[in-house]
Amino acid sequence: MGITEKAYGKINLGLDVIGRRDDGYHLVKMIMQNVDIYDTLVFEETDDGSVSVVSGSDKVPCDESNLVCRVANQLKENFGITKGVKISLDKKIPVAAGMAGGSADAAAAYRALNELWGIGLDEKKLCELAVKLGADIPYCIVGGTALSEGIGEELTTLKDVPDFSLVVAKPDIDVSTGWVYKELDSSKVEVHPDIDGIRASIESGDLTKMCSLIDNVLEKVTRSKYSVIGEIEQILLQNGALGAYMTGSGPTVFAIFDDATKAEEGYRAVRESNLAPECFLTRPINPNR
C-alpha cells in the first residue's frame with residue numbers, strides 16, 4: 001500500500017535579489033505561484049531500510065543525489081526510522097527550468113513520508129527541516145500564492161491570484177542557477193521589481209496591473225546568453241498575452257492571458273515555432289484549496 005502525491009511546479013510573479021549573506025546565500029524577495037503542471041510520486045514502504053527511486057525519465061537521477069532520497073535519509077536519521085521506501089517518480093515538470101521541479105518533488109516526499117512513517121510533524125516543522133536541503137522546498141510545502149523572503153524560507157501566504165490562462169514554454173536548453181547568480185553578482189542591478197506593488201495588485205484582484213509589474217532581475221542575465229527566451233516571449237505577446245516573462249533563473253517562459261482562446265493560439269504558435277519542445281497550456285493553482 002502506498003501514498004501518491006502530486007508535486008506542482010511554480011512560476012515567479014516577481015523575483016528580486018536584495019543582498020547576499022556571509023555564507024553565500026542570496027537574499028530574495030519574490031512572489032511564487034503554483035501552476036497546474038505536476039510530477040506524480042508514489043511512496044511504498046519497504047522493510048529492508050533502503051531508499052530507492054525509479055523513474056522513466058533519463059533526466060532524473062535515481063541515486064542519493066536526488067532530493068527525494070536526501071529527504072528520506074534525513075527523516076530516517078532524525079527520527080530513527082528503520083523502514084525503507086521505494087519512490088516511483090513520473091516526471092512532467094521540465095528539468096533545469098526555473099520551475100522548482102526538484103524542490104516540488106522534495107516537498108512531496110516530506111508530506112508523504114511524514115504520513116507513511118507516522119512522524120507527525122506540522123507544516124512549520126517540515127519547513128524548518130526542508131530549508132536545510134533547499135531554499136525553495138518550504139514554499140513547495142506551503143504552495144499556492146506566497147511572498148518569499150530571506151533565502152526563500154520566510155513565507156507569507158497571499159490571496160489567490162485572479163484566474164487566468166497560462167502558457168508555459170521551456171526551450172531545449174538547461175541553465176545553471178549557480179552561473180546566473182554569479183553573473184548577477186558581477187553586475188549592478190539598476191532596476192528592482194516592485195514586489196510590494198505586485199502583491200497589492202494580487203490582493204486587489206487587478207490582473208492587468210499585476211501583469212504590468214511582473215519582473216525578474218535574473219532575466220536580463222539569462223536572456224543575454226540565450227536569445228531564444230526573448231524570441232518565445234515575442235511570439236506570445238504577438239498572440240495576445242498580457243505579458244510574457246522568464247521564471248526563476250530560466251530558461252522557461254510563461255505568458256498570462258485573460259482570454260482562453262488567445263492562450264490556445266499562443267500555445268499553438270510556440271509549438272509551431274519549434275523553439276520550445278516542452279510547452280504547456282495551463283493555469284495557476286492552489287493545491288491546498
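As the structure is a prediction and not an experimental result, all values here were calculated from the model. Count residues from 1 along the sequence.
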Identify, with sequence neighbours excluded, every residue that meets salt bridge (charged side-chain N to carboxylate O under 4.0 Å, His left out) alongside [X].
X	result
Lys29	Asp196
Glu233	Arg223
Asp47	Lys83
Arg20	Asp185

Does any non-hydrogen side-chain atom of [Y] lie less than 4.5 Å from one of [X]?
X	Y	value
Lys86	Ser88	yes
Cys69	Asp63	no
Tyr8	Ile37	no
Leu41	Ile87	yes
Phe257	Leu166	no
Met99	Val168	yes
Val35	Arg283	no

Just distance, no hydrogens or angles: give the donor-acceptor pairs under 3.5 Å from side chains in residues 49-56, sequence neighbours left out.
from  : atom 1 : to    : atom 2 : distance (Å)
Ser50 : OG     : Asp48 : OD1    : 2.8
Ser50 : OG     : Asp48 : OD2    : 3.1
Ser55 : OG     : Ser57 : N      : 3.1
Ser55 : OG     : Leu89 : O      : 3.2

*Asn239 side chain to Ile235 main-chain N or O, any donor-acceptor pair under 3.5 Å?*
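Looks like yes, one N/O pair under 3.5 Å.
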*Can any side-chain N or O of Asp39 pair as donor or acceptor with the backbone N or O of Lys92 at less than 3.5 Å?*
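Yes.
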Got a list of side-chain donor-acceptor pairs under 3.5 Å for residues 272-279, not counting sequence neighbours?
from   : atom 1 : to     : atom 2 : distance (Å)
Ser273 : OG     : Val270 : O      : 2.6
Ser273 : OG     : Leu275 : N      : 3.2

May I have the list of side-chain donor-acceptor pairs in residues 246-255 shorter than 3.5 Å, sequence neighbours left out?
from   : atom 1 : to     : atom 2 : distance (Å)
Thr247 : OG1    : Asn12  : N      : 3.0
Thr247 : OG1    : Asn12  : OD1    : 3.2
Thr247 : OG1    : Gly98  : O      : 3.3
Ser249 : OG     : Thr177 : OG1    : 3.0
Thr252 : OG1    : Ala97  : O      : 2.8

*Roughly how far, to the nearest 0.5 Å, is the CG atom of Asp194 from the CG atom of Asp215?*
10.0 Å
_Interatomic spacing from CD1 in Ile11 to OG1 in Thr282 - rounded to 0.5 Å_ =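 Between atom CD1 of Ile11 and atom OG1 of Thr282 there are 9.0 Å.
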*Option from Ile202, Ile285, Leu158, Leu13 for which side chain to side chain contact (heavy atoms under 4.5 Å, CB included) with Gln33 holds*: Leu13
Please set out all donor-acceptor pairs under 3.5 angstrom arising from side-chain atoms of residues 119-126, sequence neighbours excluded.
from   : atom 1 : to     : atom 2 : distance (Å)
Asp122 : OD1    : Lys124 : N      : 3.3
Asp122 : OD1    : Lys125 : N      : 2.9

_Suppose we screen for side chain to side chain contact (heavy atoms under 4.5 Å, CB included). Which residues come up paired with Thr40, at least two apart in sequence or across chains?_
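Scan of Thr40 (side chain to side chain contact (heavy atoms under 4.5 Å, CB included), adjacent residues dropped) gives Thr4, Tyr38, Asp90.
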*Hey, could you give me each pair passing salt bridge (charged side-chain N to carboxylate O under 4.0 Å, His left out) that has a residue in residues 155-175? Not counting sequence neighbours.*
Asp160-Arg289, Lys170-Asp174
*Does Val68 belong to the same Ile/Leu/Val/Met/Phe/Trp/Tyr cluster as Val95, with side-chain heavy atoms less than 4.5 Å apart forming each link?*
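Val68 does not cluster with Val95.
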*How are the rings of Tyr226 and Trp179 set relative to one another: parallel (under 30°), tilted (30 to 60°) or perpendicular (over 60°)?*
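Ring orientation, 0 to 90° scale: perpendicular.
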*Is Lys59 atom NZ crowded by more than 12 heavy atoms from other residues, nucleotides or ligands, each under 6.0 Å away?*
yes
Could you list the donor-acceptor pairs under 3.5 angstrom formed by side chains in residues 102-111, with sequence neighbours left out?
from   : atom 1 : to     : atom 2 : distance (Å)
Asp105 : OD2    : Lys91  : NZ     : 3.1
Tyr110 : OH     : Gln74  : OE1    : 2.5
Arg111 : NE     : Glu5   : OE1    : 3.0
Arg111 : NH1    : Cys140 : O      : 3.3
Arg111 : NH2    : Glu5   : OE1    : 3.3
Arg111 : NH2    : Lys6   : O      : 3.2

*Got a sec, which hydrophobics cluster with Leu27, joining ILVMFWY side chains under 4.5 Å apart, including via others?*
Ile18, Tyr25, Val131, Ile151
